[in-house]
Novice: 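Next up is a structure, given as structure tokens.
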Amino acid sequence: MTEIASDLLRWYDRHARSLPWRSAPGTNAADPYRVWLSEIMLQQTTVAAVKPYFEKFTALWPDVAALAAADDADVMSAWAGLGYYARARNLLACARVVAAQHEGGFPESEAGLRALPGIGFYTAAAIAAIAFGQRAVVVDGNVERVVSRLFAVETPLPGAKPALYALTNGITPHARSGDFAQAMMDLGATICTPRNPACAICPLRSHCAAFRTGAPAQFPFKAAKKARPQRFGTIFWLERDGDVLLVRRPDKGLLGGMRALPTGPWADAPPGMMDAPADADWVLGGETVSHVFTHFALDLAIARAALEKGCAGNWDGEWWPMDRLDAAGLPSVFAKAARKALEEIV
DNA sequence: GAAACGTGGAC
DNA sequence: TGTCCAAGTTT
């Protein structure tokens with residue numbers, strides 16, 4: 001074992017974070033279901049955001065068989081607000097494959113895990129190491145940052161990924177590789193942070209080439225980002241007798257599979273009343289709703305209309321009680337728009 | 001390999 | 001206020 005690994009594990013034994021999906025200190029009973037669930041939720045998502053969702057999911061569905069038997073709509077609603085909704089669709093698909101084809105247990109090999117929906121190279125390695133005690137090279141964003149600093153890697157990301165993987169492989173021990181991976185992530189999250197790393201208390205300071213340069217925060221180098229385009233759209237708030245019309249978005253694409261307010265197209269200029277869900281006297285609200293996605297920003301106008309009580313018609317959606325919208329499982333952008341629409345009504 | 005894919009908190 | 005960022009995967 002390298003000195004880096006032994007120093008890090010010694011630090012981890014004293015300073016490991018206590019997290020709901022980790023087994024209690026001193027025990028060695030990581031539940032693969034909980035490890036898997038937490039790893040999926042933690043993809044591109046902060047620990048603070050994940051905690052309440054993890055508690056909710058494990059309370060509703062305590063094991064993979066329970067989750068596999070759940071209704072799609074219930075799982076999507078429970079995931080609402082956490083983002084990256086393809087994860088929730090893949091979560092269910094994965095649970096059903098595991099329950100049906102693996103006798104309720106997850107495969108233990110990286111290759112077997114990698115074949116499941118929603119499990120890529122990182123997650124397969126993490127589960128193999130953390131839940132099954134296998135020696136695996138676990139490289140996430142934290143590890144990339146820590147390793148790029150340890151070795152002062154000047155190649156910018158993402159091009160540096162193969163080199164960072166090889167360097168991580170070189171310091172990953174055969175014993176306790178799951179603890180090593182979690183220790184690297186704890187270190188990256190609490191000490192070797194993106195800005196203002198706390199080198200003064202870092203257990204790996206004496207091994208760190210970036211520390212010796214005097215400017216550790218400049219690592220990892222990154223390629224320049226592209227500008228985020230601005231788009232515009234209209235959401236349609238259609239009332240009828242205390243209900244509002246909701247739709248289910250297509251499975252593929254943005255906010256796929258989620259319940260939503262009807263919208264028109266999202267375009268480079270405000271599209272007005274295009275694609276309104278009904279022929280009605282639409283009134284455009286005074287304010288817009290702004291929301292920022294990963295790859296574009298959106299400005300939504302709110303058009304409101306009311307239909308006669310008992311008005312018949314053929315709508316592609318469901319009428320939902322306006323005072324129960326919290327239970328609809330709307331993605332944040334629509335929850336935000338709904339709040340604004342309700343404010344304007346009053 | 002690049003682009004798509006959410007959200008909220010920190011600075 | 002704008003930018004960056006968080007335990008990535010899929011197409």
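Lettering of chains follows the sequences in order, A, B, ..., and the numbering in each one begins at 1.
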Novice: Base, sugar-phosphate alone, or nothing: which one does A:Pro158 contact when heavy atoms must sit under 4.0 Å apart?
Specialist: nothing
Novice: Measuring from the side chain of A:Trp21 (C-beta onward, heavy atoms only), which nucleotide among B:dG6, B:dT7, C:dA7 has the closest atom?
Specialist: C:dA7
Novice: Rounded to the Å, how far apart are A:Gln43 CD and C:dG8 P?
Specialist: 7 Å
Novice: May I ask you to check whether A:Asn142 and A:Arg145 show a side-chain donor-acceptor distance below 3.5 Å?
Specialist: yes
Novice: Just by distance, with hydrogens left out, do A:Gln43 and A:Tyr122 show a side-chain donor and acceptor under 3.5 Å apart?
Specialist: no
Novice: Can you tell me the distance, in whole Å, between the CZ atom of A:Phe293 and the C1' atom of C:dC5?
Specialist: 18 Å
Novice: Measuring from the side chain of A:Glu39 (C-beta onward, heavy atoms only), which nucleotide among C:dA7, C:dG8, C:dC5 has the closest atom?
Specialist: C:dA7
Novice: Check whether any side-chain nitrogen or oxygen of A:Ser332 sits under 4.0 Å from OP1 or OP2 of B:dG8, and answer yes or no.
Specialist: yes
Novice: Regarding C:dA7, can its base be found pairing with the side chain of A:Arg17 as donor and acceptor, where the two atoms are less than 3.5 Å apart?
Specialist: yes
Novice: Rounded to whole Å, how long is the line connecting atom CG of A:Leu82 with atom C1' of B:dC5?
Specialist: 13 Å
Novice: From B:dG6, B:dC5, C:dC4, pick the nucleotide closest to the side chain of A:Leu255?
Specialist: B:dG6
Novice: Give a yes or no on whether a donor-acceptor pair under 3.5 Å exists between the nucleobase atoms of C:dG8, that is its base, and the side chain of A:Thr123.
Specialist: no
Novice: Between A:His291 and B:dG6, does any side-chain N or O lie under 4.0 Å from OP1 or OP2?
Specialist: no
Novice: Tell me: CZ of A:Arg114 to C1' of C:dT9, nearest whole Å?
Specialist: 8 Å
Novice: Expressed as a whole number of angstroms, how long is the span from A:Lys225:NZ to C:dA6:C1'?
Specialist: 12 Å
Novice: Are A:Arg176 and A:Asp13 ion-paired here, with the side-chain N under 4.0 Å from a carboxylate O?
Specialist: yes
Novice: Below the 4.0 Å mark, does B:dT7 have OP1 or OP2 next to a side-chain nitrogen or oxygen of A:Tyr85?
Specialist: yes
Novice: Is A:Arg304 reaching over with its side chain to a backbone N or O of A:Glu239, donor-acceptor style, under 3.5 angstrom?
Specialist: no
Novice: Mind checking A:Leu19 for me? I need base, sugar-phosphate or nothing, with any heavy atom below 4.0 Å counting as a touch.
Specialist: base
Novice: Just how far, in rounded Å, is C1' of C:dA6 from CG of A:Asn142?
Specialist: 8 Å
Novice: Scan A:Trp36 against the nucleic acid and name what it touches under 4.0 Å (heavy atoms): base, sugar-phosphate only, or nothing.
Specialist: nothing
Novice: If each of A:Ser38 and A:Asn90 is mapped to the nucleotide of DNA chain C with the nearest heavy atom, which maps nearer the 5' terminus, i.e. the 5' end?
Specialist: A:Ser38
Novice: Ignoring hydrogens and angles, does a donor from either the side chain of A:Thr46 or the base of B:dG8 sit under 3.5 Å from an acceptor on the other?
Specialist: no
Novice: Take the protein atom CD of A:Gln44 and the nucleotide atom P of C:dC5, then report the distance between them rounded to whole Å.
Specialist: 11 Å
Novice: What is the separation between atom NZ on A:Lys226 and atom C1' on C:dC4, rounded to the nearest whole Å?
Specialist: 17 Å
Novice: Check A:Pro216 against A:Phe211 and note the closest heavy-atom contact, atom names and distance.
Specialist: CB-N, 4.3 Å
Novice: Any idea which of C:dA6, C:dA7, B:dG6 is nearest the A:Arg87 side chain?
Specialist: B:dG6
Novice: With a 4.0 Å cutoff (strictly under), does any side-chain N or O of A:His295 reach OP1 or OP2 of B:dC5?
Specialist: yes
Novice: Assign A:Gly81 to base, sugar-phosphate, or nothing according to its heavy-atom contacts below 4.0 angstrom with the strands shown.
Specialist: sugar-phosphate
Novice: With a 4.0 Å cut-off, would you call A:Asp243 and A:Arg240 a salt bridge?
Specialist: no
